[in-house]
Amino acid sequence: MNSTVLNSAYTAPILDWYDANARELPWRAPDATPWGILVSEIMLQQTPVARVLPVWDAWMTRWPEPAALAAEPSGEAVRAWGRLGYPRRALRLHESARAITERHGGEVPSSHEDLLALPGIGAYTAAAVASFAFKQRHAVLDTNVRRVLARLLSGDEYPPKSQTKAEVALAESLLPVDPPTAARWAVAAMELGALVCTARTPRCADCPVFDRCAWQRNGRPAYAGPPRRGQTYAGTDRQCRGRILAVLRAAEGPVPKPAIDVVWSDATQRERALDTLVADGLVAPLDDDHYTLPT
DNA sequence: TAGTCGTGGTT
DNA sequence: TAACCAAGACT
């Protein structure tokens, strides 16, 4: 028996499960554009679907194609980003819109290589857009898929802390040969991880591959590796930056420095945060002790 | 490669 | 209730 047949023992039930259980998300609709899919992928980085939905809708209404966003100042992207978090993503998405407009005739490129060259797009997002928007055959290895493969095939509760070559090789070995089917498999495996094979309380009773899950066969051993998290948020530069940026997003125009100072009491940390926001291009200093989103 | 980068819901 | 976690990228 060849490996394709062996793999289908895992892929086929998950593809069937996906057909019956997939969420209807706007970026999965038949009329979703590559641009809409790209925007969704950037917004979904480290961010739950529920929080992305309203922002994505507003974004696509305002900027239905890359050229529309490219014509605006980057600060408008930062403002429209709202409270999605990691606002440098908004900046990079704006840069990508300009690159797409200038280098690709306003059309989102379809090759993994060209996608990877865009700012804010790494290996995962390039593979995701190539797969979801253009139905190509790529290993789409996100946190969901890594967890599914760790449990199903490696017998571990969680994947390694950082992605390994072995994981990539495993994901590639599972890919259906037919590109459109590979694309459907990619989204199906992600959806299984998002809805059933979840991080903390997996719904194993609803799992289409429960009976061939290596983690189940192992007796569901608890994760034995080092702690997977660190870093509390309260009091960090990140929180301080978030407070400052929230002031600028809410303001119509330039904000006087004292209006920024009131959101954080530690002056040293506040100045450092403001400096890094300016260095990142998220905030523009004016010459009269005012600050604004970049224009 | 390990640290940094937001935000808010869930357990 | 504090910790965990959510379709990562970049340096």
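Just so it is clear, the values below take in all heavy atoms, side chains as well, and ignore hydrogens, waters and symmetry mates. Please read all numbers here as calculations on a predicted model, not as lab measurements. First the proteins, then the strands, lettered A, B, ... as listed; each starts at 1.
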Run the salt-bridge test on A/Arg184 and A/Glu191 with the 4.0 Å N-O cut-off and return the result as yes or no.
-> no
Hey, does the side chain of A/Tyr233 come within less than 4.0 Å of B/dT7's phosphate (OP1/OP2), counting only N and O?
-> yes
Within the pair A/Tyr158 and C/dC5, is there a side-chain N or O less than 4.0 Å away from OP1 or OP2?
-> yes
Does A/Thr236 place a side-chain N or O at less than 4.0 Å from the phosphate oxygens OP1/OP2 of B/dT4?
-> no
Does A/Arg83 put a side-chain nitrogen or oxygen below 4.0 Å from OP1 or OP2 of B/dG8?
-> yes
Checking all strands, does A/Leu25 fall into the base, sugar-phosphate, or nothing category for heavy-atom contacts under 4.0 angstrom?
-> base
Could you tell me whether A/Gly122 contacts a base, only the sugar-phosphate backbone, or nothing, with contacts defined as non-hydrogen atoms closer than 4.0 Å?
-> sugar-phosphate
What residue among A/Leu277, A/Val255, A/Leu282 forms side chain to side chain contact (heavy atoms under 4.5 Å, CB included) with A/Leu248?
-> A/Val255
If you check every side-chain atom of A/Gln46, which of C/dC5, B/dC5, C/dG8 has the closest atom?
-> C/dG8
Here the residues of residues 87-94 of chain A within 4.0 Å heavy-atom distance, strictly under, of DNA chain C are A/Arg92
Output yes when at least one side-chain N/O atom of A/Gln45 is less than 4.0 Å from OP1 or OP2 of C/dA7, else no.
-> no
Consider the side chain of A/Arg200, meaning its heavy atoms from C-beta on, and name the nucleotide among C/dA7, C/dC4, C/dA9 that approaches it most closely.
-> C/dC4
Which part of the nucleic acid, if any, lies within reach of A/Trp27 when heavy atoms closer than 4.0 Å are counted: base, sugar-phosphate only, or nothing?
-> base
Using 4.0 Å as the upper bound for N to carboxylate O, is an ion pair formed by A/Arg92 and A/Glu95?
-> no
Can you tell me how far P in C/dC4 sits from the matching atom in B/dG3, rounded to whole Å?
-> 16 Å
Does any N or O donor sit under 3.5 Å from an N or O acceptor when you compare the side chain of A/Thr47 with the base of B/dG6?
-> yes
Consider only side-chain N and O atoms of A/Tyr124 and A/Glu41, and report whether a donor and an acceptor are under 3.5 Å apart.
-> yes
So what does A/Ala123 hit on the nucleic acid, given a heavy-atom distance under 4.0 Å: a base, only sugar-phosphate, or nothing?
-> sugar-phosphate
Looking at every strand, decide which applies to A/Thr125 at a 4.0 Å heavy-atom threshold: base, sugar-phosphate, or nothing.
-> sugar-phosphate
Give A/Ile121 one of three labels, base, sugar-phosphate or nothing, depending on what nucleic acid heavy atoms sit under 4.0 Å from its own.
-> sugar-phosphate
Could a donor-acceptor pair under 3.5 angstrom be found where the side chain of A/Arg238 meets the base of B/dT7?
-> no
Over how many whole Å does the gap from A/Leu116 atom CG to C/dG8 atom P extend?
-> 16 Å
Looking across every strand, which nucleic acid part, if any, lies under 4.0 Å from A/Arg272 by heavy atom: base, sugar-phosphate, or nothing?
-> nothing
For A/Thr236 and A/Gln269, the nearest pair of non-hydrogen atoms, with its separation, is C-NE2, 3.4 Å
